[in-house]
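For reference, the structure discussed in these notes is given below.
Note that the structure is a prediction, hence the values are computed from the model and not measured. Order of appearance sets the numbers: ligands from 1, and atoms from 1 within every ligand.
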Amino acid sequence: MQGFLKIEGLSKDFSTTLPARPVFADVSFTIAKGEFVCIIGHSGCGKTTILNVLAGLDSATAGHVFMDNREIGGPSLERGVVFQSHALMPWLTVRKNIAFAVVSRWPDWTTAQVNAHVEKFVAMVGLLPAIDKKPSQLSGGMKQRVGIARAFAIQPKMLLLDEPFGALDALTRGTIQDELMAIVRETQQTVFMITHDVDEAILLADRILLMSNGADNDGTYTPGRIAEEVVNPLPRERTRAGLHHLPGYYDLRNHIVDFLVTRAKAH
Ligand SMILES: Nc1ncnc2c1ncn2[C@@H]1O[C@H](COP(=O)(O)OP(=O)(O)OP(=O)(O)O)[C@@H](O)[C@H]1O
Ligand SMILES: [Mg+2]
């Protein structure tokens, strides 16, 4: 069970000239099967870049990523990705955007099976009334929900979520957080999620990775890194409404906020 996803010594340098100036370096962590891990850090520290490498959409400058003991070398239906900005096919309706992924995953299914499956996941994100609309007819939050439904619909071994709720209003965000938590608990889904929202991380994550930005200090460049891993000590049965009543909640929240305010950009 341990180390379902293993990230070893990852670094990424986009610069093409010397000296090397990696966005982050020496990033190593593992995620156990069924674990929900969030990563928090300021803009530009490299969170999306890490997620893209885990998705197989980008390659690292150094280091390796293994899922189920196999090295990740490209994208796969074993991993469902929700992007920071939605990535829907604009010429296809909501139904067809999701069906496209479902058919790729289960090529033998009948149209009726595919449709029933698609409808189940569209209902999950509350979009049945818009199922036959195209992305251009949807709001940003609705498009984001289609992306979430699509990632869940292929029932991947692992979900990679890049600020999936960023574009949602508070009410929808809460509803979908609850849905996500219920499905993840029920299916023992393994999740790696990027968020800027400290409370969201505390609600959802078993473990929270705190990532610092690369920084220049006295002429020396230090790449970004995972500065700390925080285990969430709160009971897993926590709810949004009850979160701030739990003993330990404020300590955890203050610790993460302190990191973001004082340590994430300083080194
Ligand atoms: N394709 C690219 N080419 C060059 N530089 C890139 C590329 N992609 C990302 N970067 C740079 O790498 C750094 C990290 O980017 P990344 O998108 O991973 O940050 P992030 O932590 O996800 O930020 P945010 O919270 O704003 O989404 C940034 O400085 C960005 O400009
Ligand atoms: Mg990002």
May I ask you to decide if the ring planes of Phe121 and His117 are parallel, tilted or perpendicular, using 30° and 60° as cut-offs? tilted
Which word best sums up how the rings of Phe29 and Phe192 line up, parallel for under 30°, tilted for 30 to 60°, or perpendicular for over 60°? parallel
Are Phe259 and His255 close enough that their ring centres sit under 6.0 Å apart? no
What I want to check is whether the side chains of Asp13 and Thr61 have a donor and an acceptor closer together than 3.5 Å. no
For [atom], what's the nearest protein heavy atom and its distance?
atom	result
atom 18 (O) of ligand 1	Thr49 OG1, 2.5 Å
atom 22 (O) of ligand 1	Thr48 OG1, 2.7 Å
atom 24 (P) of ligand 1	Ser43 OG, 3.7 Å
atom 29 (O) of ligand 1	Gly44 O, 4.0 Å
atom 25 (O) of ligand 1	Lys47 NZ, 2.8 Å
atom 1 (N) of ligand 1	Phe14 CE2, 3.6 Å

Record the part of Lys12 in heavy-atom contact with ligand 1 below 4.0 Å; permitted values are side chain, backbone, both and neither. neither
Check each heavy atom of Gln84 against ligand 1 and say whether those closer than 4.0 Å belong to the side chain, the backbone, both or neither. side chain
Please determine if Asp26 and Arg225 form a salt bridge, counting it only when a charged side-chain N lies under 4.0 Å from a carboxylate O. no
Taking atom NE2 as the centre, does His64 end up with more than 12 heavy-atom neighbours from other residues, nucleotides or ligands that are less than 6.0 angstrom away? no
Tell me whether the Mg ion (ligand 2) has Gln84 as a neighbour, meaning an N, O or S atom of it below 2.8 Å. yes
2.8 Å cut-off met by an N, O or S atom of Thr48 to the Mg ion (ligand 2): yes
Give a yes/no verdict on whether any heavy atom in Gly41 is under 4.0 Å from an atom of ligand 1. no
So for His196, does at least one of its heavy atoms come nearer than 4.0 angstrom to any atom of ligand 1? yes
Tell me whether atom 13 (C) of ligand 1 lies less than 4.0 Å from at least one protein heavy-atom position. yes
Can you find an N or O of Val23 that's nearer than 3.5 Å to an N or O of ligand 1? no
Measure from NZ or CZ of Lys96 to the centre of the six-membered ring of Phe100, then state whether that distance is under 6.0 Å and the direction lies within 45° of the axis. no
One pair to check against salt bridge (Lys or Arg N to Asp or Glu O under 4.0 Å): Asp258 and Arg263. What are the steps and the verdict? CA-CA 7 Å; Asp258 274 348; Arg263 289 162 53 207; over 6 Å; no
Side chains of Val27 and Leu209, heavy atoms from C-beta outward: is any pair under 4.5 Å? no
